[in-house]
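Notes to accompany the following structure.
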Amino acid sequence: MALTTMPGEFDYNSTRKKLILSEYGRNVQNMVKYICELPTKEERNRYALVVIDLMGFLNPHLRDVADFKHKLWDHLHIISDYKIDVDSPYPKPDPEAIHLKPEPLKYPNQRIKFKHYGKTIELMIEKAKSIEEPDRKQHMVQAIANFMKMAYVQWNKDSVADEIIFSDLLRLSNGELKLDDSVNLNRVEFRTNTHNNQSNNNNRGRSNNNNNRGRSNNNNNRNNNNNRGRNNNSKKY
């Protein structure tokens with residue numbers, strides 16, 4: 001039997017109004033639209049409290065955020081396109097402040113003299129220059145030298161002479177910071193992860209033992225099969 005009436009237009013999401021805050025869904029947006037069309041402010045306030053509770057239930061992770069109630073009321077105004085007229089316990093958000101883009105980050109364009117020491121060493125050296133007390137300044141310079149030695153070993157993975165650290169320190173400080181040759185810096189050694197090596201060795205030993213066990217079991221089975229065959233071929237008198 002042929003259809004006499006044509007079906008109505010289908011309702012697709014692409015033909016609907018765009019969701020302002022998709023995390024709340026279209027039903028919440030329709031409820032907010034309904035609240036905006038209510039005639040009295042008393043009704044709007046009552047229904048707005050219900051929608052606020054529903055929005056908090058749909059997004060429980062907002063409860064971990066400080067002043068999550070304030071955030072829910074801001075979202076209510078945003079969903080209504082700032083047209084809802086209710087008595088909010090918080091001030092109405094400013095549309096310009098919400099859509100304001102942050103300023104782009106400024107990346108450092110300074111050149112590092114020794115990359116294996118990093119920029120932090122240069123800042124520490126500049127700080128040590130400003131110290132006026134001789135003893136405190138000497139301790140600071142020695143601490144910087146020890147840190148430089150540790151950074152050098154991590155980069156080179158080998159031992160380094162203290163004279164090289166003294167020379168680099170003098171060069172980075174433009175000749176203002178200097179340590180005596182009699183000063184001995186802390187001993188620094190590059191250590192590999194021994195725990196992984198031990199576990200690898202243990203696994204190798206286990207695998208070898210398992211292979212030997214498998215070979216011995218195979219050899220025993222072969223010997224048993226050969227002996228059975230010989231016993232069956234032997235003559236009976």
Side-chain angles (χ1 to χ4, degrees), residues 21-23 59-72 74-75 78 93-212:
L21 294 179
S22 59
E23 59 266 25
N59 291 274
H61 64 278
L62 290 178
R63 296 179 182 179
D64 299 332
V65 181
D67 297 335
F68 86 101
K69 279 288 186 180
H70 192 178
K71 185 176 287 292
L72 291 178
D74 289 346
H75 289 176
I78 295 171
D94 187 8
E96 297 180 358
I98 292 176
H99 299 288
L100 183 65
K101 294 183 179 180
E103 297 181 359
L105 294 175
K106 297 180 180 180
Y107 291 94
N109 296 323
Q110 301 175 358
R111 184 177 179 85
I112 302 175
K113 296 181 180 179
F114 295 95
K115 293 184 178 180
H116 53 280
Y117 293 136
K119 188 65 180 177
T120 305
I121 287 292
E122 297 181 7
L123 298 177
M124 293 170 65
I125 289 175
E126 293 298 325
K127 182 66 176 178
K129 290 181 182 180
S130 61
I131 299 176
E132 298 179 357
E133 299 177 7
D135 294 338
R136 185 165 171 263
K137 185 173 184 179
Q138 186 70 15
H139 288 301
M140 182 68 177
V141 173
Q142 189 169 349
I144 292 173
N146 287 321
F147 187 83
M148 291 173 61
K149 187 174 182 180
M150 182 186 66
Y152 191 99
V153 171
Q154 290 293 328
W155 166 71
N156 195 33
K157 297 181 178 58
D158 199 357
S159 60
V160 57
D162 293 349
E163 290 77 10
I164 297 177
I165 302 299
F166 296 156
S167 176
D168 293 342
L169 177 63
L170 190 66
R171 183 176 177 183
L172 287 172
S173 63
N174 296 325
E176 296 184 24
L177 301 181
K178 184 179 180 181
L179 284 174
D180 296 333
D181 296 336
S182 59
V183 176
N184 294 325
L185 300 179
N186 296 335
R187 184 176 179 182
V188 181
E189 295 180 355
F190 180 79
R191 296 182 180 179
T192 58
N193 195 348
T194 57
H195 178 72
N196 292 333
N197 294 332
Q198 291 177 358
S199 60
N200 292 331
N201 293 330
N202 292 332
N203 293 330
R204 289 176 183 175
R206 291 174 183 174
S207 61
N208 292 332
N209 292 331
N210 293 330
N211 293 331
N212 293 330

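Values below: all heavy atoms of this structure, side chains included; hydrogens, waters and symmetry mates excluded.
- Side-chain contact between Asn174 and Lys129 is present, with heavy atoms from C-beta onward closer than 4.5 Å.
- Environment of CZ in Phe68: crowded, with over 12 heavy atoms of neighbouring residues, nucleotides or ligands closer than 6.0 Å.
- Annotation: side chain of Ile121 is in contact with side chain of Leu172 (closest heavy-atom distance under 4.5 Å).
- Atom NE2 of residue His61 and atom CD of residue Glu23 lie 7.0 Å apart, to the nearest 0.5 angstrom.
- Within the 4.5 Å cutoff, side-chain heavy atoms of Phe114 are placed close to those of Arg171.
- Nearest heavy atoms, Met124 versus Met140: O-CE, 4.1 Å.
- Here the straight-line distance linking atom CD of Glu126 with atom CG of Leu177 works out to 8.5 Å at 0.5 Å rounding.
- In this structure, Lys71 places its NZ atom where only 12 or fewer heavy-atom neighbours from other residues, nucleotides or ligands lie under 6.0 Å away.
- Here the side chains of Lys137 and Glu132 are not in contact, with every heavy-atom distance at 4.5 Å or above.
- Summarising the geometry, atom CD1 belonging to Ile144 is positioned 9.0 Å from atom OG belonging to Ser173; distances are rounded to the nearest 0.5 Å.
- Going from atom CG of Asp67 over to atom CG of Asp74 covers 10.0 Å, rounded to the nearest 0.5 Å.
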side-chain contact (heavy atoms from CB on, under 4.5 Å) between Tyr117 and Ile165, worked out = CA-CA 11 Å; Tyr117 293 136; Ile165 302 299; 3.6 Å; yes
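- With a 4.5 Å cut-off on side-chain heavy atoms, Phe166 and Lys178 do not count as touching.
- The CZ atom of Arg136 sits 4.5 Å away from the CD1 atom of Ile131 when rounded to the nearest 0.5 Å.
- Residue-environment remark: NZ (Lys69) exceeds the threshold of 12 foreign heavy atoms within 6.0 Å.
- The nearest pair of heavy atoms linking Leu179 to Ala145 is CD1-CB, 3.7 Å.
- Within the 4.5 Å cutoff, the side chain of Leu169 has heavy atoms near those of the Ile125 side chain.
- Two residues are said to be in side-chain contact when any heavy atoms from C-beta on lie closer than 4.5 Å; Val160 and Lys149 meet this criterion.
- Distance alone, capped at 3.5 Å, places no donor-acceptor pair between the Asn186 side chain and the Asn146 backbone.
- For Glu122 (side chain) and Lys113 (main-chain N/O), a donor-acceptor pair under 3.5 Å exists by modelled atom type.
- By the neighbour-count criterion of 12 heavy atoms within 6.0 Å, atom NZ of Lys119 is densely surrounded, having more than that number from other residues, nucleotides or ligands.
- Here the shortest heavy-atom pairing between Asn184 and Gln142 reads O-NE2, 4.3 Å.
- Contact check for Met148 versus Leu185: no side-chain heavy atoms found under the 4.5 Å cut-off.
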